[in-house]
Amino acid sequence: QVQLVESGGGLVQPGGSLRLSCAASGSMFSILDMAWYRQGPGKQRGLVAHVTRGGDIDYYADSVKGRFTISRDNAKNTVYLQMNSLKPEDTAVYYCNADIISTTYQRRPYWGQGTQVTVSS
């Protein structure tokens, strides 16, 4: 089965930076779009950033524009989220999402287990 595993979360001071990684493993035919979501305390899960397979189209939530950068390395089946100028309101569990075509040509989204990001002084 396909598995997405996030890493890179942790505790950081306001204004600091973190780089999240999400690697897809297992048998798959292709990974299409990839994205990062987050869910803060008492909040709904929301889209943070989205990147197409070619990396030429991306999206950022207004709350993170200018601070976060999404990128991917297709050779490694990995998507990254560089987070700069972090704010306490960025505190959340960050989830990786990937639109994947399986070896049997089934297309569906996959989710990682999440990685905690805490921004606090």
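By the salt bridge (Lys or Arg N to Asp or Glu O under 4.0 Å) test, Arg19 pairs with no residue at all, sequence neighbours left out. Every residue was checked against the salt bridge (Lys or Arg N to Asp or Glu O under 4.0 Å) condition with Arg45, not counting sequence neighbours, and none meets it. Contacts of Asp33 classified as salt bridge (Lys or Arg N to Asp or Glu O under 4.0 Å), with partners at least two apart in sequence or in another chain: none. Every residue meeting the side-chain hydrogen bond (donor to acceptor under 3.5 Å, both in side chains) condition with Asn74, not counting sequence neighbours, appears here in chain and number order: Arg72.
The minimum heavy-atom distance linking Ala92 with Arg38 is given by the pair CB-CB, 3.8 Å. In terms of heavy atoms, Asn97 sits closest to Pro109 at ND2-CB, 3.7 Å. For Cys96 against Val79, the heavy-atom pair with the smallest separation is SG-CG1, 3.7 Å.
Taking hydrophobic clusters as Ile, Leu, Val, Met, Phe, Trp and Tyr residues chained together by side-chain heavy-atom distances below 4.5 Å, Tyr95 does not share a cluster with Val117. Residues Leu81 and Tyr110 share a hydrophobic cluster, clusters being chains of Ile/Leu/Val/Met/Phe/Trp/Tyr side chains in contact below 4.5 Å. Tracing side-chain contacts under 4.5 Å through hydrophobic residues (I, L, V, M, F, W, Y), one never reaches Val48 starting from Val93; they form parts of separate clusters. One hydrophobic cluster, built from ILVMFWY side chains closer than 4.5 Å, holds both Val64 and Leu20.
For the atom pair CZ of Arg67 and CG of Asp90, the computed distance is 4.0 Å after rounding to the nearest 0.5 Å. To the nearest 0.5 Å, atoms OG1 (Thr104) and CZ (Phe29) are separated by 11.0 Å. Rounding to the nearest 0.5 Å gives a distance of 15.0 Å between CE of Met28 and CD of Gln106. Note that the CD1 atom of Ile101 and the CZ atom of Arg108 stand 13.5 Å from one another [nearest 0.5 Å]. With rounding to the nearest 0.5 angstrom, the CH2 atom of Trp36 is 12.5 Å from the CG atom of Leu47. In this structure, CE in Met34 is found 6.0 Å from CG in Leu4, a value given to the nearest 0.5 Å.
Val5 shares a hydrophobic cluster with no other residue; no ILVMFWY side chain has heavy atoms under 4.5 Å from its own. Listed by chain and number, the hydrophobic cluster partners of Tyr80 come to none, as no ILVMFWY side chain reaches under 4.5 Å of it.
Between Tyr60 and Val51 there is no side-chain heavy-atom pair separated by less than 4.5 Å. Looking only at side-chain heavy atoms (C-beta outward), Ser21 and Lys76 stay at 4.5 Å or farther from each other. Side-chain contact between Arg107 and Leu32 is present, with at least one heavy-atom pair separated by less than 4.5 Å. Looking at heavy atoms from C-beta onward, Tyr94 lies out of side-chain contact with Cys22 at the 4.5 angstrom threshold.
The closest donor-acceptor contact from the side chain of Arg53 to the backbone of Ile31 lies under 3.5 Å. Judged by distance alone, with hydrogens and angles left aside, the side-chain atoms of Glu6 form a donor-acceptor pair with the main-chain N or O of Gln113 at under 3.5 Å. In this structure, the side chain of Thr91 engages the main chain of Val119 through a donor-acceptor pair within 3.5 Å.
The residues Asp62 and Lys65 are annotated as salt-bridged, a charged nitrogen and a carboxylate oxygen being separated by less than 4.0 angstrom.
For the 3.5 Å distance criterion, the side chains of Ser120 and Thr118 fail to qualify, holding no donor opposite an acceptor.
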Quiz item: How far apart are the C-alpha atoms of Phe68 and Leu86, what are their side-chain angles, what is the distance that settles it, and do they pass the side chain to side chain contact (heavy atoms under 4.5 Å, CB included) test?
Solution: CA-CA 9 Å; Phe68 290 12; Leu86 283 162; 3.8 Å; yes
